[in-house]
Each structure stands twice: as C-alpha cells, then as structure tokens.
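Worksheet for the structure shown next.
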Amino acid sequence: MTTMKTITNTLTFSAVDPDAGLKKALTKSRADVIAEMNASGLKGRGGAGFPTSVKWNLAAAAKSDKKVVVCNADEGEPGTFKDRVILADFPDLVLEGMTIAGYAIGAKTGIIYLRGEYSYLRQPLEAAIEKRRAANLLGNDIAGKSGFSFDIVIRMGAGAYVCGEETALIESLEGHRGESRNRPPFPVDTGFMGNPTIVNNVETLAWAACILAKGGDWFNSMGTEQSAGRKLFSVSGDCARPGVYEFPLGVTIQEVLDDVGADDAKAVQVGGASGHCVPAGDFQRTLAFEDMPTGGSMIVFGQDRDMLEVAINFLDFFLEESCGQCTPCREGNEKLLEGALLLQEGRCSMGYLKNLCALGETMQLASKCGLGQSSPNAFLSIVDHFKDEVLGRTAMAPIEG
Amino acid sequence: MLVPVQERLRQDIEGWIKSNGGDRSSLLPVLQEVQKKYSRISDYAMQVIADLLDIHPVEVHGVVSFYSFLKEAHKGRFEIRLCRTISCDMAGRDRVARQLENELGITFGETTPDGRFSLEWANCVGMCDQGPALLVNEQVFTCVTPEKVHDILAHFKKMMDINVFQQAEEH
C-alpha cells in the first residue's frame with residue numbers, strides 16, 4: 001500500500017476495552033440493550049441522524065426469524081473517509097457493534113456492504129471476522145450465551161454512490177440495480193429479501209459498542225441536548241492538517257478549522273457534495289443535527305478557490321451518480337450543470353438563474369431519494385452566498401456580434 | 001482432457017452461484033467473480049448466469065450496465081481510476097491526469113493498444129486527505145504527483161514483463 005496514515009486527533013475508539021460492550025450486552029435482556037441505546041441519544045452517524053434506538057426497536061418488534069443487520073460501509077460522499085479509518089484501525093469495534101445490534105433485534109445474519117473502492121480493506125476485515133469466529137465472538141452460542149447465534153459476511157459494492165442510500169443498498173444486495181425504493185414500507189419491516197433489516201453506518205455501530213461498554217449516560221453527557229455524543233469528522237481541502245477528527249457535536253465550524261490549521265478559509269462545504277456551503281461569516285454555526293447536520297465531511301476552500309468551479313464539480317458528480325429512475329434528479333442535475341456552465345461563460349441572466357434556483361427547490365421536494373433531494377444543495381448555497389463571484393463573469397468565450 | 005473455456009466458465013458460474021446462496025441475491029458477487037477471473041463479463045457469461053438464476057438475460061445486463069466497476073468490454077489488465085472529486089481536484093488532479101495521458105498515449109475512457117492499461121475517472125475514492133488519489137485495480141496510490149505517475153506505471157509494466165500476473169482467459 002502506498003498511502004500515508006491518515007492524521008487523527010485522540011479517538012475515543014482507541015480507549016475502549018475490546019468486547020466489553022458485547023459482554024455487558026449479553027448480560028442484559030434485549031429490551032435493556034435497546035433502552036441503553038435510547039439513553040445514549042445516539043443518532044445515525046451517516047448523516048441522516050435517525051435515532052438508532054428507534055430503528056433497533058422497530059426491527060426488534062417485527063416478527064421474523066430472518067432479521068438482518070447491515071453495516072453500511074458504502075462511504076461514497078465526497079470528502080468523507082472516516083469509515084475507511086474506522087474499518088482499517090478499529091474493525092473489531094464495528095463487528096462488535098454489529099453483533100450487539102444482532103442480539104438487540106434478534107438477527108442471525110450480519111452483512112457488511114463494503115464499497116468497491118475499498119476492496120483493499122476486505123482481506124483484513126475477513127481476517128478479523130475469522131478471528132472472532134475462533135474466539136466464539138461470532139457463530140453459535142456467542143460468548144457462552146446459549147441460543148444467541150450471529151455471523152457476518154462481506155459483500156462488495158461495485159462503484160455506485162447511490163447504494164449508500166439504504167433502500168438502494170438493499171436492492172443491490174438482492175442482485176438488482178441500485179435504485180432506491182419508495183418508503184414506506186421501511187427496511188425495519190420489509191428490508192433484505194423482505195425481512196426486517198436495520199442498516200446502520202460504520203461509525204454508528206462502532207459507537208454502539210462504546211455505549212454498551214461505557215453506558216448510555218456517558219455518551220449522552222457529551223454533545224448538545226438534541227445531538228448527543230461525539231462524532232468523527234473527515235476534513236480535507238485547503239488546510240494544514242487534513243484528517244479524521246473527533247469532536248463533541250455542537251462544535252463550531254471555526255473550532256474545527258482552528259484545529260486543522262485552516263487560517264485562510266473563505267468557505268467550508270459541510271456534509272460533502274450533498275451538503276451545504278458555509279461562507280466565512282457563518283463559521284460560528286455549530287455542527288449538530290439542530291443546526292448543520294452532517295455525515296462528517298468538511299471540505300475547506302481557501303481564498304483563491306473559484307466557488308463556481310466547486311459547484312460544477314459537485315454537479316458533474318451528481319450527473320454521473322444519479323441512478324436515473326426519477327425525473328427531477330435525472331433531468332434536474334443536467335439542467336443545473338448546464339446553467340452552471342452558462343454562469344461560467346458569463347451568459348446567464350438573473351431571470352434564468354432564478355429559474356435554476358426554483359428548479360433546485362423542486363428537485364429537493366420531488367426527488368425520490370436523498371440523492372436527488374440533496375443534490376441541488378451545494379449549487380443553491382454557493383449561488384446564495386457567492387452571487388458576486390458567480391454572476392456577470394467576463395469569461396472565456398467572447399460575446400459574438 | 002482439454003475443457004473449452006466456455007465450459008469452464010459455466011462450471012465456475014455454477015460454483016459461484018452455489019457458494020453465494022444460490023438465489024438472485026448472489027448476482028452481484030457472481031458477476032464480480034466472473035470479472036475477476038475472466039477480465040470482463042461477456043454476453044455468454046450473462047446468458048449462463050440468467051439461465052442458472054432463472055431470470056431474463058436483460059435483467060443481468062441491466063445490473064452489469066448500472067455499476068461502474070462492472071464491464072462488458074475488454075479493458076486493460078490494469079485499470080487506472082483517477083479520483084476527480086473536489087478534494088483531489090484541488091490537490092492537483094488535472095496535472096496528474098495530463099501526465100497519465102502523456103505516459104500512456106491514450107485519453108480517459110481508452111485502453112492502450114497492448115491491452116495493459118485503461119484509464120478511467122473515479123468518483124471520490126475516500127482518500128480526500130491525501131489527494132490526488134488513484135486506484136490501479138484494487139490498489140490505491142495517494143499524494144500522486146506527475147513525476148510519480150511514471151514510477152507507478154513502470155511498476156506495473158514490470159509486473160507484466162515478468163509475467164507475475166497470468167493473462168486473463170479470452171472467451
């Protein structure tokens with residue numbers, strides 16, 4: 001491997017006793033495990049922020065003997081790489097979290113959906129799984145708990161960003177194109193092969209293991225009232241020390257920038273391509289579900305960056321990754337990109353720009369899944385905050401006549 | 001006894017379907033296995049898979065064409081995918097792209113005439129802290145500079161020359 005080690009600050013994950021969470025969980029009833037999760041206030045760390053205990057509780061209540069725990073390791077959001085670091089450095093914590101989830105909801109099967117771009121993580125993960133089988137931490141009667149069986153398999157993605165969306169991921173697991181489903185029904189009652197399924201982000205599962213080890217109250221004492229606990233952020237772009245940083249939720253953007261050595265930032269893209277662009281004037285905003293919700297991606301833009309080019313890069317991305325099944329997303333992203341290119345050439349009227357923004361708002365409302373709903377965010381926020389920069393450009397092509 | 005490649009392909013597919021659960025949900029892993037061993041997913045392979053899973057071949061083709069890592073056409077033995085997403089872009093991916101094209105004598109989307117390398121774009125490969133990043137098959141290279149491009153390519157050319165990698169079978 002010809003890569004460097006990703007820079008991190010001190011991560012909670014490195015200070016948790018291995019399998020303490022699982023062992024504690026197995027002394028509790030299933031309902032008490034979910035109660036512990038509920039006390040923690042943990043919300044999904046993939047970005048959507050759905051309360052983890054609610055998801056587990058719904059799946060636990062469903063009646064089936066074929067329930068499934070899926071670990072969503074299809075980390076495709078531009079600027080996000082925390083799950084790669086977790087899977088490489090703390091694989092056991094993730095596997096432990098999956099096992100706890102399996103115990104809590106009554107599942108026997110765990111599936112890790114690993115993105116194709118991370119194929120090099122497959123062997124180490126397989127080895128970690130094999131080691132846990134040998135130590136009776138996977139398999140039958142786990143850790144001596146009679147009647148509790150759970151095992152984990154790895155399935156590889158094949159280069160489709162949309163499969164990070166949970167219903168598209170399930171479609172992909174079932175051997176179909178990764179096209180998202182209408183909800184309801186939700187995966188917690190009709191998921192993989194029609195069975196109750198929970199899909200949790202890698203980081204969520206790792207935190208679940210920590211929470212069972214250290215207690216829900218410990219987790220809930222950090223962060224804000226509506227955004228409990230700590231979270232990993234993937235910071236890249238124009239800063240001195242890009243890497244993975246852990247902070248309590250509620251941290252301000254400015255505090256993160258100070259830690260990563262970004263003195264010259266004019267904007268930060270929070271939440272990746274599907275997130276929002278925050279200008280320097282708003283750096284006091286907080287990273288929390290009640291203010292700026294995020295899956296952890298923070299891309300820093302220095303003073304010299306052309307924000308319109310940033311918007312164009314993101315729209316290129318969505319045009320490529322749209323699954324094409326619903327019209328607002330398939331056609332909308334194409335029109336937004338065309339419009340952004342007109343802006344780049346200095347050929348876009350204010351009236352047309354307003355139409356583009358209205359189209360973006362329609363896409364947010366009318367698209368079928370999160371991809372289409374969030375794809376205009378970056379464009380809209382860049383146009384909103386950097387009007388001076390995007391309008392009236394005296395661009396490349398000379399005006400004829 | 002000499003077994004024709006198509007027969008071997010069929011036997012392989014039967015085995016992969018069985019080891020991946022035997023039903024439709026085995027489709028993606030089976031396609032990935034076919035591609036790994038036979039370098040691409042041919043019409044014949046898709047037909048065999050469709051027959052064995054009892055689904056229409058168009059269903060299989062629909063899946064193959066959906067995922068950017070699955071391919072029907074012959075591509076290079078080494079597929080180079082340069083990340084084009086924003087962090088790698090800001091870190092200098094354009095110069096790396098230009099150098100890749102110069103060294104290989106092809107543009108993005110093409111394969112070298114000797115069948116060794118093909119050049120593609122990738123969307124975010126999750127190495128945003130170490131851009132520009134590229135994948136060569138399953139291997140990842142980060143902080144790539146135009147100068148390093150030559151070394152990376154030389155490394156893989158050498159592998160081909162000493163025939164560490166077996167040629168994928170034609171069918």
Side-chain angles (χ1 to χ4, degrees), chain A residues 1-4 6-7 75-85 115-120 122 155-161 163 172-179 192-193 234-238 241-244 269 272-273 297 299-302 305 309-310 313-314 316-317 320-321 323-324, chain B residues 20-21 23-33 35-36 49 53 55 59-71 81 83-91 93 120-131 133-144 148 151-152 155:
Chain A
M1 187 90 38
T2 49
T3 60
M4 304 181 308
T6 292
I7 296 171
E75 178 180 56
E77 187 64 53
T80 314
F81 47 95
K82 63 176 178 73
D83 292 346
R84 165 174 62 78
V85 171
R115 68 187 305 223
E117 290 85 344
Y118 290 173
S119 292
Y120 50 86
R122 183 177 186 158
R155 291 280 299 267
M156 298 306 298
Y161 165 76
C163 290
S172 177
L173 283 178
E174 291 182 0
H176 295 275
R177 296 160 69 89
E179 292 176 346
F192 179 61
M193 307 305 274
S234 317
V235 189
S236 64
D238 297 320
R241 294 176 296 280
V244 170
Q269 180 74 17
S297 166
I299 305 166
V300 184
F301 302 113
R305 296 296 174 189
E309 277 185 12
V310 171
N313 184 295
F314 287 149
D316 265 330
F317 173 82
E320 174 91 359
E321 294 295 346
C323 81
Chain B
N20 282 287
D23 58 14
R24 168 81 189 245
S25 71
S26 66
L27 181 54
L28 218 51
V30 170
L31 291 170
Q32 286 161 340
E33 293 285 0
Q35 176 161 304
K36 205 175 196 177
I49 294 169
L53 289 177
I55 55 179
E59 289 267 329
V60 181
H61 184 251
V63 170
V64 173
S65 61
F66 183 86
Y67 294 95
S68 63
F69 279 21
L70 300 179
K71 57 191 192 226
R81 297 172 200 272
C83 178
R84 65 174 152 198
T85 310
I86 192 74
S87 298
C88 285
D89 186 2
M90 297 198 295
R93 68 129 212 237
E120 309 275 342
W121 291 110
N123 285 330
C124 195
V125 300
M127 282 290 174
C128 324
D129 57 326
Q130 304 171 37
L134 60 82
L135 290 168
V136 181
N137 293 352
E138 295 185 356
Q139 216 178 327
V140 65
F141 294 85
T142 61
C143 302
V144 181
K148 271 197 205 166
D151 299 341
I152 293 169
H155 170 72

Given heavy-atom pairs under 4.5 angstrom as the criterion, report whether the side chain, backbone, both or neither of [X] touches chain A.
{"X": "B/Gln32", "answer": "side chain"}
{"X": "B/Asp89", "answer": "side chain"}
{"X": "B/Leu135", "answer": "side chain"}
{"X": "B/Asp23", "answer": "side chain"}
{"X": "B/Arg84", "answer": "both"}

Taking side chain as everything from C-beta outward and backbone as N, CA, C, O, which of these in [X] sits under 4.5 Å from a heavy atom of chain B? Side chain, backbone, both or neither.
{"X": "A/Glu77", "answer": "backbone"}
{"X": "A/Arg241", "answer": "neither"}
{"X": "A/Val244", "answer": "neither"}
{"X": "A/Tyr161", "answer": "neither"}
{"X": "A/Thr6", "answer": "both"}
{"X": "A/Ser297", "answer": "neither"}
{"X": "A/Leu173", "answer": "backbone"}
{"X": "A/Arg122", "answer": "neither"}
{"X": "A/Arg84", "answer": "side chain"}

Are any side-chain N or O atoms of [X] and backbone N or O atoms of [Y], one a donor and one an acceptor, separated by less than 3.5 Å?
{"X": "A/Ser236", "Y": "A/Pro242", "result": "no"}
{"X": "A/Ser234", "Y": "A/Thr80", "result": "no"}
{"X": "B/Arg24", "Y": "A/Gly175", "result": "yes"}

So which residue, [options], ends up with the most heavy-atom pairs under 4.5 Å with chain B?
{"options": "A/His176, A/Glu321, A/Glu309", "value": "A/His176"}
{"options": "A/Ala160, A/Ser172, A/Cys163", "value": "A/Ser172"}
{"options": "A/Arg305, A/Gln269, A/Lys82, A/Glu179", "value": "A/Arg305"}
{"options": "A/Met156, A/Glu75, A/Met193", "value": "A/Met156"}
{"options": "A/Ser119, A/Gly178, A/Gly302", "value": "A/Gly178"}

Check: Will you find, in the side chains of B/Ser25 and A/Arg155, an N or O donor that is under 3.5 Å from an N or O acceptor?
Finding: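 No pair is found: no donor N or O on one side chain lies under 3.5 Å from an acceptor on the other.
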
Atom [atom1] in [X], atom [atom2] in [Y]: separation rounded to 0.5 Å?
{"X": "A/Arg115", "Y": "A/Asp83", "atom1": "CZ", "atom2": "CG", "result": "10.0 Å"}
{"X": "B/Ile55", "Y": "B/Leu27", "atom1": "CD1", "atom2": "CG", "result": "5.5 Å"}
{"X": "B/Ile86", "Y": "B/Cys128", "atom1": "CD1", "atom2": "SG", "result": "11.0 Å"}

